[in-house]
Amino acid sequence: MTAASRARLTALQARRIAVAAQGFTGTKPLEQGSAITRAHLKRLVSRIQVLQMDSVSVAVRAHYAPVFSRLGPYDRSVLDRAAWSHSPRSPRLLVEYWAHEAALMAVDDWPLMRWRMRQYTHGRWGNVRPNPALAEGIVAAIAELGPSTAGQIEDHLAAKPTRGRGTWWNRSDTKWVAEALFAAGVLTTATRVGFARHYDLVENVLPAPVLDREVDDDEAVRELVLRAAGALGVATEADLRDYFRLSAAQTRPAIAALVAAGELEPVAVADWGAPAYLRAGQATPRTDRGTALLCPFDPLIFFRPRVQRLFGFHYRIEIYTPEARRKYGYYVWPFLLDGELVGRVDLKADRQRGALHVLGAFVERGRDRARVAAALAGELDSMASWLGLGGVSLGRRGDLMGELRRPGTA
């Protein structure tokens with residue numbers, strides 16, 4: 001199909017499709033009086049595929065936030081149980097792996113990542129030197145101890161008799177090798193306490209039918225590209241490639257095969273400057289919907305070139321930028337209002353004071369400040385309540401702070 005014969009979408013249509021595909025479809029379940037259940041979570045994950053994880057906890061850990069943004073102030077223990085516990089009546093729903101970056105993904109999708117596990121035999125970066133004795137020792141320690149942190153494994157190995165002359169392992173190597181075994185699919189996360197990972201053997205965590213299922217590498221990549229297309233709605237090849245961190249050599253033939261099969265439709269989006277692809281059957285919403293605070297690792301916004309292209313919104317996380325050089329703040333949440341990114345806030349959960357502290361609030365050029373501030377105030381109140389905080393406190397940075405301070409707004 002030539003560029004001239006491709007179906008065409010306006011930039012507005014593309015944005016509406018993308019926002020709806022990510023689960024921003026209108027009223028959140030809790031706003032309708034419904035408690036968030038495991039079924040809600042399962043449907044959401046089947047839609048957006050991944051919940052990215054990150055160690056930063058200045059407001060709330062990243063994997064909890066996308067569920068709040070789409071479903072409302074839910075009980076986080078629902079997600080904890082789905083990810084890190086198992087019972088006959090409630091089997092584990094989610095598992096950790098390098099699905100985008102570190103992420104929670106559906107247990108049933110584990111076989112789609114086996115090709116990556118083979119690539120990561122010596123760690124994600126291939127930089128963990130082979131140490132079969134240490135790897136065997138770690139596996140044996142976990143088999144004996146059960147789910148264990150790297151520190152617990154180290155202590156166990158240190159208490160064992162030395163194996164002949166010389167050093168067969170080094171305490172500082174244990175975490176690296178355990179992580180390499182995690183990346184290779186030998187170990188996974190049984191549970192987390194705080195944010196500390198407790199490793200276990202995959203056969204102790206995942207059901208046998210999942211572990212036994214084999215998927216051809218090319219078939220797995222095609223399925224991942226199709227999943228990405230569903231989560232994105234409309235996407236360029238670069239967008240599709242980024243969602244599961246695929247290579248161009250993997251993505252391009254997968255796209256060609258999916259187009260030939262009628263599962264992806266080539267489209268031209270105004271002002272995108274690159275060919276795009278629409279998931280077959282994807283409807284185009286007639287209105288703008290979706291209002292939420294988005295954490296920096298939300299799947300709607302984690303590919304920054306796409307954020308710029310979809311929303312005209314330049315966004316960079318400034319955690320690693322020296323404080324004096326930060327433009328907006330340390331951990332900044334973009335604000336989605338009726339399907340458009342209209343502002344951003346630098347947030348911190350101040351547990352000592354019992355408040356969600358807004359260090360800075362900024363509005364995008366040309367937006368109605370009063371309207372943005374009123375909607376943002378409601379989302380901040382909802383987030384504070386969700387986090388068990390007494391209210392919202394306001395700092396002084398940013399051109400939206402004055403409107404937030406007005407009576408009846410915050």
Side-chain angles (χ1 to χ4, degrees), residues 50-57 61-63 79-86 92-107 109-164 166-208 210-212 244-245 297:
V50 294
L51 296 172
Q52 186 173 338
M53 305 184 73
D54 190 77
S55 60
V56 176
S57 60
R61 299 230 184 248
H63 56 285
L79 177 52
D80 291 340
R81 289 192 298 271
W84 297 300
S85 68
H86 173 86
R92 184 185 299 259
L93 177 65
L94 305 174
V95 64
E96 293 182 33
Y97 192 63
W98 295 104
H100 172 71
E101 292 294 312
L104 290 167
M105 58 182 281
V107 164
D109 293 343
W110 179 266
L112 300 178
M113 292 294 172
R114 282 215 177 86
W115 59 270
R116 176 165 287 166
M117 295 169 193
R118 289 192 290 273
Q119 286 184 351
Y120 288 175
T121 299
H122 300 305
R124 189 183 175 210
W125 305 110
N127 61 347
V128 178
R129 65 181 184 273
N131 189 338
L134 178 53
E136 290 173 9
I138 290 171
V139 169
I142 292 172
E144 184 174 342
L145 296 171
S148 307
T149 65
Q152 290 168 334
I153 296 167
E154 288 177 347
D155 291 342
H156 183 79
L157 294 176
K160 290 287 185 181
T162 58
R163 300 187 177 187
T167 301
W168 66 277
W169 69 288
N170 183 300
R171 291 181 71 97
S172 63
D173 290 340
T174 305
K175 177 67 174 178
W176 286 101
V177 175
E179 280 297 300
L181 291 169
F182 174 89
V186 176
L187 303 179
T188 188
T189 306
T191 190
R192 283 183 180 265
V193 178
F195 200 63
R197 175 183 285 152
H198 288 239
Y199 299 95
D200 202 353
L201 306 178
V202 291
E203 55 265 33
N204 294 338
V205 174
L206 301 183
V210 170
L211 294 177
D212 292 342
F244 288 106
R245 293 291 201 254
F297 304 106

Parallel, tilted or perpendicular: ring planes of W98 versus F182, cut at 30 and 60 degrees: perpendicular
Given side chains that start at C-beta, do those of F297 and L51 come closer than 4.5 Å, heavy atoms only? no
Report the residues that fulfil salt bridge (charged side-chain N to carboxylate O under 4.0 Å, His left out) with D109, sequence neighbours left out, ordered by chain and then residue number. R227
Minimum heavy-atom distance V107-P207, with the two atoms named: CG1-CD, 3.8 Å
For E101, give me all partners under salt bridge (charged side-chain N to carboxylate O under 4.0 Å, His left out), at least two apart in sequence or on another chain. R124, R245
Can you tell me how far NE2 of H122 sits from CG of L181, rounded to the nearest 0.5 angstrom? 11.0 Å
Just so I know, are the side chains of L157 and L134 near enough to count as touching, which here means a heavy-atom distance under 4.5 Å? yes
Backbone N or O of A133 within a donor-acceptor pair of the E136 side chain at under 3.5 Å? no
Compute whether any side-chain donor of one residue and acceptor of the other, for E179 and Y199, lie under 3.5 angstrom apart. yes
Using side-chain heavy atoms (C-beta onward) and a distance below 4.5 Å, is T191 in contact with D80? no
With R116 via salt bridge (charged side-chain N to carboxylate O under 4.0 Å, His left out) - residues at least two apart: none
Heavy-atom check, side chain of E144 versus side chain of H156, under 4.5 Å: yes
Of L104, V95, L79, the one forming a side chain to side chain contact (heavy atoms under 4.5 Å, CB included) with W84 is L104
Using a strict threshold of under 4.0 Å (side-chain N to carboxylate O), is an ion pair present between E96 and R197? yes
R81: partners by side-chain hydrogen bond (donor to acceptor under 3.5 Å, both in side chains), with sequence neighbours left out: S77
At their closest point, which heavy atom of W110 faces which heavy atom of M105, and how far apart are they? N-CE, 3.7 Å
Heavy atoms, side chains only, cut-off 4.5 Å: are T149 and I153 in contact? no
Do Y120 and M117 touch side chain to side chain, with heavy atoms closer than 4.5 Å? no
Could you work out, with side-chain contact (heavy atoms from CB on, under 4.5 Å) as the rule, every residue matching W115, not counting sequence neighbours? R118, Q119, D217, A220, V221, L224, L246, Q250
Heavy-atom donor-acceptor pair, R92 side chain to H86 backbone, under 3.5 Å: no
Measuring from atom OG of S55 to atom CZ of F195, what distance do you get when rounded to the nearest 0.5 angstrom? 6.5 Å
Looking only at heavy atoms, the pair that brings L201 and A143 closest together is CD1-CB, 4.4 Å
Could you go through the side chain to side chain contact (heavy atoms under 4.5 Å, CB included) check for L187 and V205 one step at a time? CA-CA 9 Å; L187 303 179; V205 174; over 6 Å; no
Who are the side-chain contact (heavy atoms from CB on, under 4.5 Å) partners of P147, not counting sequence neighbours? A190, H198, D200
Would you indicate whether the side-chain heavy atoms of V186 and V202 approach each other to under 4.5 Å? no
Are the side chains of F244 and V50 in contact, using a 4.5 Å heavy-atom criterion? yes
